[in-house]
A.B. asks: 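Here's a structure for you.
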Amino acid sequence: MSINKRLLMTLTAVMLLTGCTDQHIIERAGFVRTIAYDLSGEGENTKLRVTVSIPKSNHEDAIVYTTMAESGKKAKMIFDRQNNRRLVNGQLRQVVFGERLARRGVWSNMDTLTRDPSIGSRLHIIVAESDPHHILIRNDYPQGPTAGEYLDTLIRTEAKSGEIPDTTLYTFTRDYYDDGIDPVATILKEEKDSLSVDGIALFKNDQYVGKIDANDRMFFALLHHGVRAGDLNVGIQTDRNAEEQATLEYLSSKRRIKVLSTRDIREGRPIQVALRIRLSGSLLEYIGALDMKKRTDQRKLEAELEKTINRKCQKLIDLMQEKKSDPMGIGQYVRNSIPHSVWKQLKWEEVFSKADISVHVDVKIRDYGKMLH
Amino acid sequence: MNEKLSAFHIATLIYMIENNIVLFALPRLVAENMGTNGWVGYIFLALVSTGNILLYLVVYRMGKGRSMFDILEKSLSKWILYPVYAGLAVFYIMIASFVGKNFFLIFQMISFQTSNVMFIFLLFCIMVYFLLIKPVYNISKAATVFAFMTWWTLLLTSYQAREWKLIRLTSYFFEDPAGGQVLHNWAEVYTSFIGYELCIFLFPYVNKKSKLFKGVLYGHLLTALAQVIVLLTAFGFFSFQQLQSLLYPIIDMLDFIEMPFINRVENLVFVIFVFGNLISTTMFSFASLSMVKRIFPKTRPKRLEFLIVLGVFIVGFYSKYLSQSEYQLRRVLFTEIGIAFILPMLLILVLLFQKLRERMNSHEH
């Protein structure tokens with residue numbers, strides 16, 4: 001037994017010492033929080049401009065490096081030459097693409113993100129309308145100590161309520177590979193004292209082709225996925241007087257897509273798709289002439305909300321069809337309702353742009369707040 | 001020493017042998033080789049392999065529980081059999097080694113990029129040695145403990161539920177496989193079942209009460225059930241084309257899990273899967289040991305065990321890079337599929353021949 005015990009102890013020691021060959025000491029590593037990619041100039045062969053933000057251990061400042069390089073990893077090596085700590089990607093939280101680069105296509109830069117096992121799939125994909133380099137280099141945001149931290153919490157809070165889609169590396173690559181849906185990303189804009197979510201970027205394959213305005217993001221959310229707890233402000237055009245305002249809070253929604261007709265799809269006839277959205281929320285603001293005490297007026301408001309939301313959604317669908325980008329995943333539903341050979345021959349983006357998509361909205365006001373009228 | 005295996009222990013043992021490194025690539029293997037909704041094909045293959053297990057049951061019944069060696073040596077000369085034993089022994093060492101080494105090469109890719117893999121593999125081989133010098137009854141007990149340590153990981157699939165969508169499964173069956181529908185591709189997926197065939201080496205360690213085949217079948221079907229759950233999760237979580245391009249989808253699935261106090265749990269959970277590979281490697285070494293013991297029945301205890309584990313370690317030098325290791329693993333597992341089917345059929349033929357001769361002999365008298 002004693003020999004076995006001695007052996008066991010030696011083994012344990014050997015096991016524990018193995019760790020010493022592959023040390024990752026936090027104090028000696030620089031954790032890259034954010035990477036920004038942008039084009040450095042015009043023309044075909046223009047280099048990438050890569051910026052990284054590394055929060056310091058005091059959590060108040062960040063080191064920002066920027067360089068021109070052919071690829072992301074090449075830029076990292078240049079940064080490694082400057083930084084006194086080894087740069088690691090394990091804590092990478094967001095990747096920001098400059099608008100011009102996004103329009104050209106982002107997939108070539110995604111390659112290293114999906115290939116590198118140290119990079120997690122939960123990092124957020126963002127398209128910046130402003131100069132991404134400038135977004136990162138600033139550290140005077142009152143909301144958070146560093147740009148990276150601020151960005152991270154901003155996107156997370158917005159995505160949690162479902163107002164914007166959670167556009168992570170996972171969802172982006174998943175939808176990029178899928179032939180029945182197109183990916184989306186969050187658009188970010190720099191303001192004087194803050195950063196703001198300025199809408200949603202529509203992609204066709206890996207190219208940024210269109211933008212959903214920030215004011216319409218909730219309507220897009222209704223079309224794109226189920227909302228869990230969002231806020232929706234609707235300006236209702238009525239014949240009673242000027243525009244009325246109604247705000248639904250803690251709104252939750254469900255959507256159902258039904259492919260009505262795929263006959264004659266090969267002859268180029270438009271397919272018919274019905275999108276049904278059921279939503280309910282608390283009416284916490286209403287500026288208008290209707291009396292919420294009366295049941296008839298309650299019904300009336302619901303109907304008017306339905307009409308307005310319907311019109312807004314229809315408009316967004318028109319935009320997506322015009323840009324030939326299908327982030328709602330209608331292609332997935334069409335794919336599942338036609339034979340495989342037909343789907344393979346189909347040029348989905350063309351069929352989608354001509355499809356006859358109708359929206360049916362069903363609004364239920366859960367409660368009217370504390371007031372009786 | 002005289003303790004006999006029980007059905008429960010056999011079940012967990014088979015479960016752990018089958019749950020080896022192939023599991024990490026399984027969703028991709030299924031998507032790549034079978035196409036859309038390949039999990040249905042996987043269920044089909046699970047039934048085929050169950051049929052294969054029934055062949056072993058026939059051998060067990062016909063041979064009245066005699067070991068493979070006893071059956072063969074009754075009809076065939078040792079001069080023919082011993083080289084075959086030796087060949088198989090070497091082959092099993094190769095499987096044992098490639099399975100173990102492959103795990104550590106993946107481990108190196110995700111966690112220990114600069115560590116010497118052979119050093120970690122050496123530690124692994126030492127663990128294999130300590131298991132191997134124990135009787136198989138104790139190995140099965142260790143397997144049971146390990147099984148309990150790994151079962152809970154199946155619950156982690158619930159983290160994928162939020163992003164899981166039925167629509168991604170598509171309504172097509174077996175369309176768009178990467179290399180067309182050929183037998184070879186389905187065999188790729190079949191490699192994930194490899195392990196059940198080792199039940200033939202357990203014949204000497206069971207008696208009627210053990211209900212050997214009840215255990216083997218339960219272990220096998222439990223593996224299949226667990227894998228179907230994993231496959232369904234993967235097919236609804238990833239898009240089909242994405243699944244085809246991911247080397248180890250399971251690692252990507254673990255990567256997605258995020259808890260308030262910890263994220264990137266794949267580094268932690270991956271380590272737990274070492275147990276499955278430990279049992280796989282140990283049992284393939286055990287198979288090799290059974291062969292060698294038959295040739296040299298009178299060696300000093302622990303000497304053969306040591307030599308076999310040494311062999312496992314040395315063969316480990318042979319697979320240096322992950323892609324190379326994957327290729328070697330595929331090759332040996334393919335061969336093993338062949339052996340898994342041919343061996344019981346051969347034994348049944350020999351047994352039939354023996355019966356025929358017995359009958360003829362009794363007629364003569």
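All values below were derived from every heavy atom in this structure, side-chain atoms included, with hydrogens, water molecules and symmetry-related copies excluded. So you know, we letter chains A, B, ... as the sequences are listed, proteins then strands, and number each from 1.
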A.B. asks: Roughly how far apart are A:R335 CZ and B:S171 OG, rounded to 0.5 Å?
C.D. replies: 8.0 Å
A.B. asks: Rounded to the nearest 0.5 Å, what separates atom CG in A:D179 from atom CZ in B:F240?
C.D. replies: 9.5 Å
A.B. asks: Can you confirm whether the side chains of A:D178 and B:Q241 place a donor and an acceptor under 3.5 Å from each other?
C.D. replies: no
A.B. asks: Looking at A:K73, I want to see if its NZ is surrounded by more than 12 non-hydrogen atoms of other residues, nucleotides or ligands under 6.0 Å.
C.D. replies: yes
A.B. asks: Establish, yes or no, whether a centroid distance under 6.0 Å links the rings of B:F237 and A:Y170.
C.D. replies: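 B:F237 vs A:Y170: aromatic centres under 6.0 Å.
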A.B. asks: Working to the nearest 0.5 Å, report the span between CZ of B:R162 and CG of A:D166.
C.D. replies: 6.5 Å
A.B. asks: Please classify the contact between B:E163 and chain A as side chain, backbone, both or neither, with a heavy-atom cut-off of under 4.5 Å.
C.D. replies: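 The answer is both parts of B:E163.
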A.B. asks: Using a strict threshold of under 4.0 Å (side-chain N to carboxylate O), is an ion pair present between B:D255 and A:R122?
C.D. replies: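 Salt bridge flag = no for B:D255 with A:R122.
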A.B. asks: Could you check which of A:G329, A:P339, A:G180 has the highest count of heavy-atom pairs closer than 4.5 Å to chain B?
C.D. replies: A:P339
A.B. asks: With a sphere of 6.0 Å drawn around CZ of B:F174, does it hold more than 12 non-hydrogen atoms of other residues, nucleotides or ligands?
C.D. replies: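 Yes, enclosed.
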A.B. asks: Which of the residues A:S121, A:S118, A:S337 is involved in the greatest number of heavy-atom pairs with chain B at under 4.5 angstrom?
C.D. replies: A:S121
A.B. asks: Tell me, out of B:K165, B:Q244, B:R168, who's got the most heavy-atom pairs with chain A below 4.5 Å.
C.D. replies: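 The option with the most such pairs is B:R168.
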A.B. asks: With a 4.5 Å cut-off on heavy-atom pairs, point out which of B:D176, B:L169, B:I110 contacts chain A the most.
C.D. replies: B:D176
A.B. asks: Side chain, backbone, both or neither: which part of B:I126 has a heavy atom under 4.5 Å from chain A?
C.D. replies: side chain
A.B. asks: What part of A:I338 is in contact with chain B, defined as an atom under 4.5 angstrom from a non-hydrogen atom: side chain, backbone, both or neither?
C.D. replies: both
A.B. asks: So, taking the atom named CG in A:N336 and the one named OH in B:Y172, what distance separates them when rounded to the nearest 0.5 Å?
C.D. replies: 6.5 Å
A.B. asks: To the nearest 0.5 Å, tell me how far B:I167 CD1 sits from A:I257 CD1.
C.D. replies: 7.5 Å
A.B. asks: Please round to the nearest 0.5 Å and tell me the distance separating atom CG of B:L243 and atom CZ of A:R174.
C.D. replies: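 Result: 13.0 Å between the selected atoms.
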A.B. asks: Please identify, among A:D175, A:T114, A:T173, A:I119, the residue contributing the most non-hydrogen atom pairs under 4.5 Å to chain B.
C.D. replies: A:I119
A.B. asks: At a 4.5 Å cut-off on heavy atoms, which part of A:Y176 comes close to chain B: side chain, backbone, both, or neither?
C.D. replies: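 Looking at A:Y176, nothing touches chain B.
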A.B. asks: Could you look at B:S245 and say if it's the side chain, the backbone, both or neither that has a heavy atom under 4.5 Å from chain A?
C.D. replies: side chain
